[in-house]
Amino acid sequence: MLDLYLSPSCASCRKARFWLQSHGVTFVEHNILTQPFTAESLIKILEKTENGTEDIISTRSKLFRTLAINVEDLTMNELLILVTENPKLLRRPIIMGKDHVQIGFNEDEIRTFLPSSYRRVELKHSKTSRFQTNEA
């Protein structure tokens, strides 16, 4: 089971929800604006990222620019408080599985959340379609 953290007005979040639904992937949806993260849940996400806060903070957001902060200058505790109080600072969607997290919507990367048996069938179908197209 996946956890999909989103905000309803986010276009990438809607794409991720639609993609997961259309591929039959079971998930629990969390609205980060009405159900903000706890410090503990943010730590779990950060543990699964490759680049830590760089992966989850939306430095291009209006809020980030308005706050005029330097994430590098914050302690981990200060950062956790900042993000729990300002969930719009997070890049969205956040898709979290047992061993993997994806920040933002990327159609190629989201496939890692599909069961391997599903991916094999999809790959086989893709190869067959490409072969038939090349013969035409």
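Formation of a donor-acceptor pair under 3.5 Å by the S41 side chain with backbone atoms of F37 is not found in this model. With hydrogens and angles ignored, the 3.5 Å screen pairs a side-chain donor or acceptor of K48 with a backbone N or O of G97. Under the 3.5 Å distance criterion, the side-chain polar atoms of K88 are left unmatched by any main-chain donor or acceptor of S58.
To the nearest 0.5 Å, the span separating NZ on K62 from CZ on R65 amounts to 8.0 Å. L90 contributes atom CG, which lies 5.0 Å from atom CD1 of I94 (distance to the nearest 0.5 angstrom). The distance from the CD1 atom of I57 to the CZ atom of F64 is 7.5 Å, given to the nearest 0.5 Å. A distance of 6.0 Å separates CG of L82 from CG of L67, quoted to the nearest 0.5 Å. Here L4 contributes atom CG and M96 contributes atom CE; the two are 12.0 Å apart, rounded to the nearest 0.5 Å. A distance of 10.5 Å separates OG1 of T49 from CZ of R91, quoted to the nearest 0.5 Å.
Considering all non-hydrogen atoms of both residues, A16 and P93 come closest at CB-CG, 3.7 Å. Considering all non-hydrogen atoms of both residues, L33 and P87 come closest at CD2-CG, 4.2 Å. For the residue pair T84 and T38, the shortest heavy atom distance occurs at CG2-C, 3.9 Å.
Listed by chain and residue number, R17 satisfy the side chain to side chain donor-acceptor pair (under 3.5 Å) test with E29 (two or more places apart in sequence, or in another chain). Residues passing the side chain to side chain donor-acceptor pair (under 3.5 Å) test with N51 are D55, sequence neighbours excluded. Residues satisfying the ring pair (Phe, Tyr, Trp, His ring centres under 6.0 Å) test with F105, not counting sequence neighbours, are none. Applying the side chain to side chain donor-acceptor pair (under 3.5 Å) criterion to N86, with sequence neighbours excluded, gives no partner residue.
I32 has its side chain out of reach of L6: every pair of non-hydrogen atoms, C-beta onward, lies at least 4.5 Å apart. Counting only heavy atoms from C-beta outward, the side chains of I95 and D3 never approach each other to under 4.5 Å. Side-chain contact check for M76 versus L46: some heavy-atom pair is nearer than 4.5 Å. In this structure, the side chains of W19 and R14 stay at 4.5 Å or more apart for every pair of heavy atoms.
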I'd like to know whether K44 forms a salt bridge (Lys or Arg N to Asp or Glu O under 4.0 Å) with E40, so could you lay out the CA-CA distance, the side-chain angles of the two residues, the decisive distance to 0.1 Å, and finally the verdict. CA-CA 6 Å; K44 286 180 183 177; E40 295 79 23; over 6 Å; no
Check step by step if side chain to side chain contact (heavy atoms under 4.5 Å, CB included) holds for V28 and L2. CA-CA 6 Å; V28 176; L2 298 178; over 6 Å; no
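The hydrophobic cluster around I81 extends to none of the other residues, as no ILVMFWY side-chain heavy atom falls under 4.5 Å of it.
Between the side chains of S7 and R92, at least one donor-acceptor pair of N or O atoms lies under 3.5 Å.
Ring-plane geometry between H30 and Y5 is classed as parallel, the angle between the planes falling under 30 degrees on a 0 to 90 degree scale with a further cut at 60.
For residues 69-85, no pair satisfies salt bridge (charged side-chain N to carboxylate O under 4.0 Å, His left out), with sequence neighbours left out.
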